[in-house]
Amino acid sequence: MSPTTIFILVLVVAAVIAVIGIVMVARGRTDADGTTDAVQLDRAAKKADKSRRKSRAASAVAVSANATTDQDPSSSVAVVAPPAEYSQDKPKIEVTADEYGVTRRRFFGRALGAVFGLFMLQFALAGLAFFWPKLRGGFGTPIKAGTVKELKAEVLQAGVVIPKAIPAAQAWVIPFQMELLDDSQFAEVPFVVAGGEDDGVGLMALWHRCVHLGCRVPECIPSQGFECPCHGSKYNAHGEYAQGPAPRNLDRFAVSVNGSGELVIETGTVVQTARAKQFTIPYPQGPFCVG
Ligand code: FES
């Protein structure tokens with residue numbers, strides 16, 4: 001199971017926990033018979049009201065009887081005994097925690113649960129947002145650039161390098177003579193070249209992002225290189241640093257050839273290399289595009 005799959009599973013579990021937590025907090029505690037605190041309180045209140053109504057009715061009957069038998073004919077005021085429910089001798093009713101409602105401890109418990117649930121939900125959503133491009137298969141994932149055969153025909157014409165832009169990979173595909181590899185700084189990272197086993201011409205994928213401040217670096221066919229329009233950094237046709245404020249060569253991606261003969265650019269694997277001490281291809285070979 002890949003790390004990405006494991007992380008997605010963790011996100012799903014976190015989201016489920018968050019949703020369950022929030023639902024539980026929102027519903028309150030439910031007893032074994034399926035009733036919630038609110039239902040129990042409602043029943044208790046109805047029961048108390050019913051008993052109070054009965055008591056009042058009994059008192060009213062008693063008062064009516066007293067009024068007809070004991071009333072002083074000279075007085076219009078009847079002496080009415082207080083209903084039994086107001087008697088001082090009435091026993092105190094014990095109120096359970098459920099009947100009492102939300103205690104302070106329960107309130108803080110629920111608040112803590114809600115905060116935890118929201119945190120987990122936020123964590124899950126943030127993780128999902130972070131991984132969304134990879135799930136969709138965009139930049140950051142392996143991207144097919146076309147068949148090696150077709151790419152070679154496009155990027156090298158009559159000895160002239162014509163870099164091919166692959167927008168989805170933010171890359172320039174360029175040719176690279178395999179015989180140069182061992183004596184170059186790319187010998188330590190041979191996976192940046194692929195497809196050269198048969199005819200000695202491999203393919204590289206340069207990230208088109210300038211390593212100075214990130215401007216997109218266009219190709220310059222006359223000079224046979226790449227020239228940044230922002231601050232004038234220049235790189236040769238292999239993306240090796242030549243001039244300007246850029247601190248290193250253009251970055252490049254790991255590449256491979258799949259079973260269908262297509263060049264696959266691993267845009268999740270970026271390879272950085274230091275300024276070349278020695279070019280693997282002459283530069284410039286003509287006039288610059290950026291002064
Ligand atoms: S961003 Fe390219 S030279 Fe500054």
Side-chain angles (χ1 to χ4, degrees), residues 129-130 132-134 136-146 151-152 154-157 159-177 180-181 183-194 201-256 263-291:
F130 180 76
W132 187 247
K134 293 194 176 188
R136 278 178 36 227
F139 186 78
T141 64
I143 291 175
K144 294 174 188 169
L151 286 170
K152 285 183 183 177
E154 289 185 69
V155 299
L156 190 59
Q157 299 179 23
V160 177
V161 174
I162 316 266
K164 178 173 176 62
I166 309 294
Q170 301 182 18
W172 288 111
V173 172
I174 56 158
F176 187 88
Q177 303 295 327
L180 301 172
L181 185 62
D183 293 330
S184 74
Q185 63 186 149
F186 307 117
E188 295 177 3
V189 283
F191 50 85
V192 297
V193 193
V201 179
L203 295 171
M204 271 188 179
L206 307 178
W207 194 355
H208 68 204
R209 179 174 165 274
C210 183
V211 295
H212 179 223
L213 292 178
C215 293
R216 182 182 182 277
V217 186
E219 83 282 36
C220 178
I221 303 301
S223 69
Q224 283 289 274
F226 299 89
E227 299 176 13
C228 182
C230 294
H231 311 100
S233 286
K234 295 180 174 63
Y235 313 84
N236 68 16
H238 289 166
E240 293 165 324
Y241 168 85
Q243 295 180 19
R248 59 180 186 271
N249 298 330
L250 281 177
D251 295 336
R252 55 209 71 214
F253 302 110
V255 288
S256 60
L263 183 75
V264 178
I265 303 176
E266 308 283 345
T267 54
T269 305
V270 178
V271 177
Q272 297 183 353
T273 51
R275 288 180 174 181
K277 292 193 176 78
Q278 179 177 322
F279 285 167
T280 52
I281 190 169
Y283 180 81
Q285 299 182 28
F288 293 125
C289 298
V290 174

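Remember, it's 1-based here, ligands and their atoms both numbered in the order they're listed. Everything numeric in this text was worked out from a predicted model, so none of it was measured.
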Inset, instruction - List the steps, then state whether disulfide (SG to SG under 2.5 Å) holds for Cys228 with Cys215. - result: CA-CA 7 Å; Cys228 182; Cys215 293; 4.6 Å; no
Inset, instruction - Show which atoms of ligand 1 fall inside a sub-4.0 Å distance from at least one heavy-atom site of Cys215. - result: 1 (S)
Inset, instruction - Taking Ser233 for its side chain and Gly244 for its backbone only, find out whether a donor-acceptor pair lies under 3.5 Å. - result: no
Inset, instruction - Could you check atom 1 (S) of ligand 1 against the protein and tell me its nearest heavy-atom contact, residue, atom and distance included? - result: Leu213 N, 3.3 Å
Inset, instruction - Compute the centroid of each ring, for Phe253 and then for Trp172, and state whether the two points are separated by less than 6.0 Å. - result: no
Inset, instruction - Quick one: look at Cys210 and ligand 1, take heavy-atom pairs under 4.0 Å, and tell me if it's side chain, backbone, both or neither. - result: side chain
Inset, instruction - Supply the atom-to-atom distance Asp251 CG to Thr273 OG1, rounded to the nearest 0.5 angstrom. - result: 7.0 Å
Inset, instruction - Just say parallel, tilted or perpendicular for the rings of Phe176 and His238, cut-offs at 30° and 60°. - result: tilted
Inset, instruction - Give the atoms of ligand 1, by number and element, whose distance to some non-hydrogen atom of Cys228 is under 4.0 Å. - result: 1 (S), 2 (Fe), 3 (S)
Inset, instruction - Can you measure from CZ (Phe279) to CG (Asn236) and round to the nearest 0.5 angstrom? - result: 5.0 Å
Legend entry - His231 N/O/S atom closer than 2.8 Å to atom 4 (Fe) of ligand 1: yes
Legend entry - atom 3 (S) of ligand 1: the protein heavy-atom neighbour that sits closest, reported with distance to 0.1 Å: Ser233 OG, 3.1 Å
Legend entry - Whether His212 has an N, O or S atom under 2.8 Å from atom 4 (Fe) of ligand 1: yes
